[in-house]
Colleague: 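Can you read through this structure? Questions will come right after.
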Amino acid sequence: MEAISRFFDGDVWWSFKRSPVTVIAAILATICILGAVLAPVIAPHNPYDLAEISLLDSNLPPAWIASGNAKFLLGTDQQGRDILSTIMYGSRVSLLVAVSAVAMSIVMGVSAGLLAGYVGGRVDSIIMRIADIQLTFPAILVALLISGIGRQFVPREMQDAIALYVIIFSIGLTGWVQYARTVRGSTLVEKSKEYVQAARVIGVSQTRIMFSHVLPNVLGPVLVIATLNIANAIIAEATLSFLGVGMPPTQPSLGTLISEGQNYLFSGEWWITVFPGVVLIVMVISVNLVGDWLRDALNPKLR
Amino acid sequence: MSALVQLKNVSKTFDVSAPWLNRVIERKPQTFLHAVSEVSFEIKRGETLALVGESGCGKSTVARLAVGLYETSTGQVIIDGHDMKASNQGTDAARAMRRKVQMIFQDPYASLNPRWRVADIVAEPIRTHKLIANGPLLDKRVAELLGLVKLTAKDGEKYPHQFSGGQRQRISIARALASNPEFLICDEPTSALDVSVQAQVLNLMKDLQREMGLTYLFISHNLQVVHHIADRVGVMYLGRIVEIGDKDEVFGAPKHPYTRMLLDAIPDLHMTGIARTPVAGEVPNPLNPPSGCAFNPRCPKKFEPCDKARPQLVSFSGREVACYAATGQDKPVDMTTALA
């Protein structure tokens with residue numbers, strides 16, 4: 001309770017209130033996230049319940065166009081699924097992938113950076129050279145490579161089932177370097193501070209110093225990078241899905257929806273691809289803006 | 001009484017060479033910094049030895065060697081009969097040694113983990129050495145320790161940033177005392193504090209020493225502070241002890257020209273208006289120390305033998321001092337032995 005009131009009295013909340021762009025971005029991001037998380041509860045239709053969809057409703061335009069149907073606010077696709085509902089279910093997949101991938105990057109990157117910075121010497125050199133090598137490959141290339149390899153090893157009928165894990169793993173793997181570098185830098189700073197030496201004098205073991213003294217003090221910047229990287233991960237997932245190596249049409253993410261929808265663009269059903277695209281843009285920009293604000297708000301040098 | 005702490009011929013060199021690849025390409029040799037050279041002293045139980053000297057003279061390195069944060073390059077640090085080198089091995093004996101030797105750091109803003117509550121900071125040595133199990137007994141002990149340094153048990157709930165510099169330094173003292181140590185190393189514990197707070201912390205340290213029979217190694221560049229707290233004083237210059245002896249002897253009648261220069265530089269109310277001799281020149285580069293006595297380029301009493309061979313520490317008028325001019329080591333006979 002005390003922590004909550006301190007938060008609302010604090011600088012961070014103050015700078016949040018003062019920035020209208022951030023407030024709007026935060027509201028939009030919250031709507032997107034809530035819509036995605038609560039999709040099974042609040043979506044007007046269940047697009048994956050075959051009993052509910054009807055081919056008679058296929059290719060309906062958005063409700064405000066004359067031939068539209070008020071039941072389907074943003075229109076329907078070629079199979080009669082409600083676009084609004086598919087978007088909500090799709091953002092759910094997109095967000096799940098993004099959050100899991102970022103969590104994986106954080107775990108990998110923070111451990112690698114902490115180890116490199118604290119142990120130093122040869123361990124440091126090896127970890128950071130691996131990071132450098134990783135950086136020379138574009139993230140999308142690595143992700144394509146991993147999804148490609150991942151698919152080779154499983155039978156065709158199981159590929160859809162593991163697609164989610166493959167994509168989380170490939171996006172997660174490409175993201176760890178940034179965390180590792182940041183955490184290594186802050187670890188080097190913290191390591192030389194006297195409280196770490198004090199712990200050594202007391203006789204605390206190196207592992208314990210690393211996790212209970214250094215780790216809590218290097219996590220601040222990680223939070224900021226993580227917020228910004230969620231937006232990047234959403235984009236990366238959409239890109240992979242668009243290219244056909246991401247989520248299968250049976251479990252579509254926003255990227256898959258855009259990719260499927262563009263086949264109908266020239267036949268006039270623009271809403272199938274445009275609305276998922278707009279949602280993707282809004283989601284990414286709003287998360288990014290919140291992340292930018294967080295970076296400035298938590299940076300003591302800019303206060 | 002026997003000595004609790006003994007440093008025997010302790011030296012510490014740091015490898016400050018450029019990275020291997022650069023050395024090979026630029027054809028530079030490896031370079032070593034001799035931070036501390038052949039330092040020997042003893043501290044008796046319950047006594048305070050202060051080490052003074054200018055920045056970069058190696059006094060903090062001696063502190064870190066004594067506490068085991070650095071390993072000696074040559075020589076031994078012996079505390080209560082045990083070699084400190086063993087203290088970083090995970091054995092029970094090593095842990096017991098760690099418990100006996102604690103350190104108070106210079107910067108009270110950096111020596112407390114900002115994300116820990118004060119009670120946890122003070123309890124850390126107790127938990128690490130498993131002296132008291134978690135529970136009401138531990139809480140009581142922490143409260144008692146905070147009381148020792150004139151803080152209240154309620155302060156334990158707060159975080160370090162909610163305290164002033166002097167209070168933080170007292171928390172640091174409470175932490176150092178938590179494991180019932182016998183030997184405390186204080187690395188400029190008051191240099192980051194206001195003068196009024198300095199006195200408070202120093203008096204607290206003196207009281208604690210009397211009550212608990214602590215032994216201090218006190219590192220400082222502030223001679224007034226040293227005069228207040230020390231029993232014996234060692235003056236260091238460029239990694240070596242140049243004069244060491246009882247406080248009253250060293251301060252009352254300094255023999256080494258460097259000690260005299262340091263004492264002459266103290267501002268004094270009685271001397272208002274009188275020009276003081278500033279300490280002339282600067283500390284030479286320790287990577288490339290002068291030949292002979294390291295002090296000779298700055299020494300007002302420099303004469304022939306000073307840049308030829310290094311004077312040895314010899315007992316002279318109640319203290320040990322390393323200076324040809326002061327001890328009369330300049331006689332031709334002594335010269336040959338010194339060079340040999």
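First the proteins, then the strands, lettered A, B, ... as listed; each starts at 1.
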Colleague: Could you state the interatomic distance from CD1 (I235(A)) to CD1 (I230(A)), rounded to the nearest 0.5 Å?
Modeller: 13.5 Å

Colleague: Taking every non-hydrogen pair under 4.5 Å, which of E124(B), M103(B), Q106(B) racks up the most with chain A?
Modeller: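 Heavy-atom pair counts peak at E124(B).
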
Colleague: Relative to chain B, which segment of S212(A) carries a heavy atom at a distance below 4.5 Å: side chain, backbone, both, or neither?
Modeller: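 For S212(A), heavy atoms of backbone and side chain both lie under 4.5 Å from chain B.
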
Colleague: Step through it carefully: locate the ring centre of W176(A), locate the ring centre of Y179(A), and say whether they are under 6.0 Å apart.
Modeller: no

Colleague: Could you walk me through whether D107(B) and K193(A) satisfy the salt bridge (Lys or Arg N to Asp or Glu O under 4.0 Å) test, starting with their C-alpha distance in whole Å, then the side-chain angles of each, then the deciding distance to 0.1 Å, before giving a yes or no?
Modeller: CA-CA 9 Å; D107(B) 183 358; K193(A) 288 205 179 147; over 6 Å; no

Colleague: Side chain from CB out, backbone as N, CA, C, O: work out which of these in R127(B) comes under 4.5 Å of a heavy atom of chain A, or both, or neither.
Modeller: neither

Colleague: Using a 4.5 angstrom heavy-atom cutoff, name the option from V204(A), V196(A), N217(A) with the most pairs to chain B.
Modeller: N217(A)

Colleague: Highest number of heavy-atom pairs under 4.5 Å with chain A: which of T128(B), V67(B), I121(B)?
Modeller: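 Top count of heavy-atom pairs under 4.5 Å with chain A: T128(B).
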
Colleague: For salt bridge (Lys or Arg N to Asp or Glu O under 4.0 Å), just list the numbers for R181(A) and D132(A), CA-CA rounded to whole Å, side-chain angles, deciding distance to a tenth of an Å, and then say yes or no.
Modeller: CA-CA 10 Å; R181(A) 290 192 158 181; D132(A) 289 345; 2.5 Å; yes

Colleague: Looking only at the side chains, is there a donor atom on one of N180(B) and R99(B) sitting less than 3.5 Å from an acceptor on the other?
Modeller: no

